[in-house]
There are 2 protein chains.
Amino acid sequence: MSPNPRSAPRRERARAATIDEIKQTALALMRERGTVEVRFTDIARVMDMTPPALYRYFADRDELVSALIKDAYEGLGEAVAKARAEAPPGDIAAAWVAAGQAYRRWAHEEPQQFALILGMPLPDYAAPPDGSTSEAAGRAMAQLSSLFVEALHQGRLGPPRIREVHPAVELCARIKHEQHEVAVGPAHFQAMMHAWAALHGFTSLEANGHFAWMDPEARDALFLGQLRLAAEAAGLPVPA
Amino acid sequence: MSPNPRSAPRRERARAATIDEIKQTALALMRERGTVEVRFTDIARVMDMTPPALYRYFADRDELVSALIKDAYEGLGEAVAKARAEAPPGDIAAAWVAAGQAYRRWAHEEPQQFALILGMPLPDYAAPPDGSTSEAAGRAMAQLSSLFVEALHQGRLGPPRIREVHPAVELCARIKHEQHEVAVGPAHFQAMMHAWAALHGFTSLEANGHFAWMDPEARDALFLGQLRLAAEAAGLPVPA
DNA sequence: CGTGTTTGTTATGGAGCTTAACGAAGCTGA
DNA sequence: TCAGCTTCGTTAAGCTCCATAACAAACACG
């Protein structure tokens, strides 16, 4: 064992650390400038490197952005999952509020990342080829779906306030059900989508500054109202 | 009147036409490439001009984008107003559906313009200094508000499904009321915001491709369900 | 017509992305 | 230890685009 047997992994770790530093620097610059645009030149300058050096780690700028998008998907998913896990166990209403607040808070704190994954898709970014077209959609649905399942098991899932489920929607629900992505019936599937849309709408408008004329306290209250309304319509226990 | 007395206006008209052509070309390129980015070089090439010529009409690229944003505000506002006007007069439910469908259709047909005004704001674009921070928000509110007023006058505006209105929200509603931007009470003000958020959430998710895995027919049905739910919660007549 | 304005051109500079060519450092194995 | 390979960084250079400057043509108007 003349050299270090972990020498190769060490180099890999250094590489991983550099990749991470690049991404973190890119995020910091995005936050600083309030844009999703990011210049290789700036990243290099902050990192005390020359721009071409970055090409050892990312083939081009799009590849960096793709990596940032992937991270953002995970970041949002984790934030929501963590909030749900930290809510009082068994309390569906609290879990729904916690998840919604996490979604909103993440969007508010990371508007650039939020725009990256849920705003207009980049022209050339291809979703990771591992299946799911939109990972964020998948995660959101999974989080929501499990909430409904938990409520069902507790016998606290009421009928959603939906007049009738259109056959096409029912078909979609069945497909999702067979893919084990959604474990509830068609009516609750539709209710889930409505709840997600309402949550996302408020979040998106607020994150993009269209509620800036409102008092923060009013925004908070309004958001809670939106969550209550969605829960009520979906047949979930209504938060206090 | 040796030359044409309207000769000066003629030149102005030519200028206006060129400005319009630049903007239309920019929009066409945005649609074609699926981006909000637009290159002066490309616009000039399409218009058989050289890039510097464009600087006779717009000081820089940001000024062009600002003009496009302003147009987009108007485009969305007009689309919604037109749809409302064409709905059967006096039928609140139909008007709500028509307005919502117009909002959704416009976002679907012009995702770039939609992103421009309701997506992440550009870093350096300053809202037109004539007051309203977000014109789109103002227009949307005005459209919604007038819908509620009409329902009220018809005696068909029920109580919104809202438990209690938070004092901060009530204050916001009063301010808006005094500014003559919203002519309904606090509870219905809150209901309006909820309705707008739900409408916008579905529209935004769909326009950004996050419902692409769904059948178009299912999306249509889902959207209608969302509108019904929002109307019901707001105390508006519920569409059929 | 002659003058000043408008609108276009070509020439030029500067910034950013990206590739190519090269050098320094570190791992690897005799 | 030392030669060879890989990795990582540099400098040099080309391309594209934004933007300004300087200049030429078209045009309104007295």
Side-chain angles (χ1 to χ4, degrees), chain A residues 1-26 28-30 32-68 122-125, chain B residues 1-26 28-30 32-68 122-125:
Chain A
M1 56 204 70
S2 33
N4 192 331
R6 286 190 332 211
S7 50
R10 209 188 94 191
R11 216 152 56 171
E12 275 175 32
R13 263 183 298 139
R15 181 177 180 80
T18 305
I19 288 179
D20 205 63
E21 189 185 350
I22 293 172
K23 292 194 291 191
Q24 293 307 320
T25 306
L29 287 170
M30 277 170 36
E32 189 181 314
R33 306 191 15 123
T35 327
V36 315
E37 292 168 28
V38 66
R39 281 191 274 267
F40 260 40
T41 306
D42 291 343
I43 298 174
R45 185 177 37 71
V46 171
M47 292 181 67
D48 277 316
M49 296 210 309
T50 53
L54 298 179
Y55 286 82
R56 297 287 176 195
Y57 302 93
F58 296 97
D60 55 14
R61 217 180 43 177
D62 287 343
E63 195 172 299
L64 169 58
V65 173
S66 293
L68 292 177
L122 300 190
D124 41 10
Y125 171 70
Chain B
M1 59 199 68
S2 35
N4 192 335
R6 285 193 331 214
S7 48
R10 207 189 96 190
R11 207 143 72 165
E12 276 175 31
R13 262 183 299 138
R15 183 178 179 79
T18 304
I19 288 179
D20 205 63
E21 189 185 349
I22 293 172
K23 293 195 289 192
Q24 293 307 320
T25 306
L29 287 169
M30 276 170 36
E32 189 181 315
R33 306 190 15 122
T35 326
V36 316
E37 294 168 28
V38 66
R39 282 190 275 270
F40 261 40
T41 306
D42 292 342
I43 299 175
R45 186 177 36 73
V46 171
M47 291 180 68
D48 277 316
M49 296 209 310
T50 54
L54 298 179
Y55 287 83
R56 297 288 177 194
Y57 302 93
F58 296 96
D60 55 14
R61 218 180 41 177
D62 287 343
E63 195 171 298
L64 169 59
V65 172
S66 293
L68 292 177
L122 297 191
D124 41 9
Y125 170 72

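So that the names make sense, note that chain A is the first sequence line, chain B the second, and so on, each numbered from 1. These numbers were taken from a predicted model, which means no experiment stands behind them. The basis for the numbers below is simple: all heavy atoms, side chains too, and nothing from hydrogens, waters or symmetry mates.
- A:T41 comes within contact range of the sugar-phosphate backbone alone, with a heavy-atom separation under 4.0 Å but no base atom that close.
- In this structure, B:A26 and B:I43 approach most closely via the heavy-atom pair CB-CD1, 3.8 Å.
- If you check C:dT9, D:dT11, D:dC17 against the side chain of B:T50, the one that comes closest is C:dT9.
- The side chain of B:D42 approaches D:dC17 more closely than any other nucleotide in the set D:dC18, D:dC17, C:dT9.
- The interatomic distance linking A:M49 (CE) with D:dT11 (P) rounds to 12 Å, in whole Å.
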Anything under 3.5 Å between a protein N or O and an N or O of nucleotides 4-8 of chain D, put it in a table, one pair a line.
unit_1, atom_1, unit_2, atom_2, d
D:dC8, OP2, A:R15, NH1, 2.7
D:dC8, N4, A:R56, NH2, 3.3

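- B:E37 places its CD atom 15 Å from the P atom of C:dG16, with the value rounded to the nearest Å.
- One interatomic measurement links the two molecules: OH of B:Y55 to P of C:dA11, which rounds to 18 Å at whole-angstrom precision.
- In the helix from C:dC1-D:dG30 to C:dA30-D:dT1, the rotation axis of the first five pairs and that of the last five pairs differ in direction by 0°, rounded to 10 degrees.
- Atom pair A:R13:CZ and C:dG26:P shows a separation of 16 Å (rounding to whole Å applied).
- Within 4.0 Å of A:P52, counting heavy atoms only, lies at least one base atom of the nucleic acid.
- For the pair B:I43 CD1 and D:dT16 P, the computed distance is 18 Å after rounding to whole Å.
- Atom CG in A:D62 sits about 14 Å away from atom C1' in C:dG16, given to the nearest Å.
- With ring centers used as reference points, B:Y55 lies under 6.0 Å from B:F40.
- Rounded to whole Å, atom P of D:dT20 lies 15 Å from atom CZ of B:F58.
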